[in-house]
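As structure tokens, the structure follows; a few thoughts come after it.
Chain letters run A, B, ... following the sequence lines, proteins first and then strands; every chain starts at 1. Here the structure is a predicted model, which means the values were calculated and not measured.
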Protein chains: 2
Amino acid sequence: MTKREYGQFCGLARAVEIVGERWALLIIRDLFVGPRRYTDLRRGLPRIPTNILSARLKELEATGVVSRRVLPRPDGSIVYELTEYGNQLEPVVLGLGRWGAKSLGEPRPDEIVTPASLIMAMRTTFHREAADGLTIGYEIRVGDIVLHVRIDNGSLKVAEGALPNADLVIETEPALGALMAREITPAEAVDGGIVTLTGDPALLDTFVDLFSI
Amino acid sequence: MTKREYGQFCGLARAVEIVGERWALLIIRDLFVGPRRYTDLRRGLPRIPTNILSARLKELEATGVVSRRVLPRPDGSIVYELTEYGNQLEPVVLGLGRWGAKSLGEPRPDEIVTPASLIMAMRTTFHREAADGLTIGYEIRVGDIVLHVRIDNGSLKVAEGALPNADLVIETEPALGALMAREITPAEAVDGGIVTLTGDPALLDTFVDLFSI
DNA sequence: CTGGATCCCTCACGATACTG
DNA sequence: CAGTATCGTGAGGGATCCAG
């Protein structure tokens with residue numbers, strides 16, 4: 001067999017031949033957060049078999065989506081990162097994530113939230129218009145994941161790690177989604193104990209404006 | 001096992017659980033052209049095994065992407081169509097198609113062009129701005145595929161079938177891509193015999209403006 | 001420790017034949 | 001026309017092992 005092709009001269013067919021294999025888009029999602037080492041990828045995708053991760057990285061490298069780079073000494077470790085071509089997938093990945101989020105429902109018993117998925121969720125739901133002229137620092141904690149979210153004059157920066165001087169620290173559960181979907185109000189979320197705040201509570205309303213679905 | 005899940009509470013993960021299975025997005029691409037019967041889908045996807053088509057349709061129906069409808073008598077046949085939720089995939093599908101088109105290269109020996117892929121290609125590459133105030137009818141022939149393309153005051157309508165009173169009939173090969181990528185000029189395409197025109201040749205320049213990559 | 005390679009097993013997929 | 005039935009194969013799942 002000719003290696004899993006669709007036999008159609010079509011952009012969409014070619015795209016799914018490249019990034020449509022199982023796990024490929026989740027690897028790419030993690031790489032959108034930044035360059036990652038093999039082990040970082042495994043940590044972010046706990047259920048991926050190591051041979052599959054290895055195979056996907058090779059394929060994505062061969063198709064020009066991902067590049068493999070050896071860090072300069074003394075570190076000398078290997079990182080994978082998106083190429084320019086791979087980066088062009090951003091609107092598609094965000095769009096797919098937004099579409100799929102509508103079918104999320106409640107977390108299934110064995111479903112986890114990873115730092116990369118949370119970071120992409122923040123980027124997906126961010127409303128640039130609502131951020132105009134704002135400068136705020138949030139720290140988000142979901143389980144043992146800690147993110148810092150900085151709104152800097154309308155632009156968004158999200159990354160892993162704490163934010164020491166955050167204006168507001170939001171501690172919550174995966175049900176954060178209900179808040180962002182405006183199914184409940186910020187006040188209800190606080191009263192119901194779904195979120196715990198440290199800092200200026202008024203900034204939670206701003207948060208919902210910035211990241212609502 | 002729990003039926004091919006990724007174990008992540010993440011919009012992107014859910015999306016690929018729903019439409020990431022093999023062949024699913026190509027089925028959806030064909031349904032974007034309009035409701036289709038089982039046999040229509042098979043014709044548009046010659047390499048799909050019939051049991052897989054059957055399985056995908058069931059899955060997509062269960063996840064609310066596709067709906068199955070029995071046509072009123074006396075026809076009584078069955079058509080599949082996208083639900084409202086399925087239709088919301090349009091920007092993603094077009095975006096993926098545009099991204100994948102950059103890796104198309106030359107058609108492989110066994111690759112075919114289908115009506116649906118051509119129609120989606122036209123929609124993908126259409127520039128609304130370039131169509132402002134225009135009203136033109138094109139007929140496109142690629143192999144034995146015949147499409148009609150109507151620009152109606154800036155809006156685009158593409159469908160299968162001839163256009164009797166077309167302002168310009170363009171007959172070409174799959175290498176049409178080279179023209180749309182502006183790798184060659186319209187004049188070169190005509191001189192080189194890549195396209196054959198019937199009607200007002202000046203409208204080929206307009207065509208390239210409307211559908212270039 | 002990181003960055004994989006190797007083994008085995010299973011099930012989703014592929015090809016084809018057949019049916020209401 | 002609209003699928004179901006059957007059966008073989010190989011990609012993916014899971015565990016383990018290994019080199020630098």
Sequence neighbours excluded - ring pair (Phe, Tyr, Trp, His ring centres under 6.0 Å) pairs with any residue from residues 50-83 of chain B: none

Please list all pairs passing the ring pair (Phe, Tyr, Trp, His ring centres under 6.0 Å) test where one or both residues lie in residues 88-113 of chain A, with sequence neighbours left out. A:Trp99-B:Tyr85

Sorted by number, the residues of residues 15-36 of chain A with heavy-atom contact under 4.0 Å to DNA chain D: A:Glu21, A:Arg22, A:Trp23

Atom-pair distance (CD1 on A:Ile52; P on C:dG4), nearest Å: 15 Å

Worked verdict on B:Glu139 versus B:Val149 for side-chain contact (heavy atoms from CB on, under 4.5 Å): CA-CA 6 Å; B:Glu139 181 178 308; B:Val149 176; over 6 Å; no

Salt bridge check: are A:Arg43 and A:Asp30 linked by an N-O gap of less than 4.0 Å? no

Please tabulate, for side-chain N and O atoms in residues 163-172 of chain B, each donor-acceptor pair with protein atoms closer than 3.5 Å (sequence neighbours left out).
residue: B:Asp167; atom: OD2; partner: B:Gly137; partner atom: N; Å: 2.7
residue: B:Thr172; atom: OG1; partner: B:Ile194; partner atom: O; Å: 3.3

Spacing between B:Leu53 atom CG and C:dA15 atom P, to the nearest angstrom: 14 Å

Tell me the bend of the helix from C:dC1-D:dG20 to C:dG20-D:dC1 as the angle between end helix axes, each from five pairs, rounded to the nearest 10 degrees. 30°

Could you give the CZ-to-C1' distance, from B:Arg47 to C:dG14, as a whole number of Å? 11 Å

Under the ring-ring contact (aromatic ring centres under 6.0 Å, His included) test, residues paired with A:Tyr138 that sit two or more places apart: A:Phe207

Round to the nearest Å and state the distance from A:Leu45 atom CG to D:dG13 atom P. 11 Å

Sidechain N-carboxylate O distance under 4.0 Å for A:Glu5, A:Arg14: no

Over all heavy atoms of both residues, which pair between B:Gly193 and B:Glu173 is shortest? Give the atoms and the distance, please. O-OE2, 4.2 Å

For B:Ile48 and C:dG14, what is the distance between atoms CD1 and P respectively, to the nearest whole Å? 8 Å

Got a sec, which pairs hit ring pair (Phe, Tyr, Trp, His ring centres under 6.0 Å) with one end in residues 6-41 of chain B, sequence neighbours left out? A:Tyr6-B:Trp23, A:Trp23-B:Tyr6

Any carboxylate oxygen within less than 4.0 angstrom of a Lys/Arg side-chain nitrogen, looking at B:Glu21 and B:Arg4? no

Within residues 56-76 of chain A or reaching into it, pairs that qualify as ring pair (Phe, Tyr, Trp, His ring centres under 6.0 Å) - sequence neighbours excluded: none

Identify the pairs formed between an N or O of the protein and an N or O of nucleotides 18-20 of chain D at a distance under 3.5 Å, and give each distance.
none

Sequence neighbours excluded, every pair satisfying side chain to side chain donor-acceptor pair (under 3.5 Å) that has a member inside residues 144-161 of chain A: A:Arg150-A:Asp152

Applying side chain to side chain donor-acceptor pair (under 3.5 Å), name anything that partners B:Glu81, two or more places apart in sequence or on another chain. B:Arg69

Using a cutoff of under 3.5 Å, can you pull out all pairs of nitrogen or oxygen atoms linking the protein to nucleotides 1-5 of chain D, with atom names and distances?
residue: D:dA2; atom: OP1; partner: B:Ile78; partner atom: N; Å: 3.3
residue: D:dA2; atom: OP1; partner: B:Ile78; partner atom: O; Å: 3.3
residue: D:dA2; atom: OP2; partner: B:Thr39; partner atom: OG1; Å: 3.0
residue: D:dG3; atom: OP1; partner: B:Arg68; partner atom: NH1; Å: 2.5
residue: D:dG3; atom: OP2; partner: B:Arg68; partner atom: NH1; Å: 3.4
residue: D:dG3; atom: OP2; partner: B:Tyr80; partner atom: OH; Å: 2.4
residue: D:dG3; atom: N7; partner: B:Thr50; partner atom: OG1; Å: 3.4
residue: D:dT4; atom: OP1; partner: B:Lys58; partner atom: NZ; Å: 3.3
residue: D:dT4; atom: OP2; partner: B:Ser54; partner atom: OG; Å: 2.7
residue: D:dT4; atom: OP2; partner: B:Lys58; partner atom: NZ; Å: 3.3

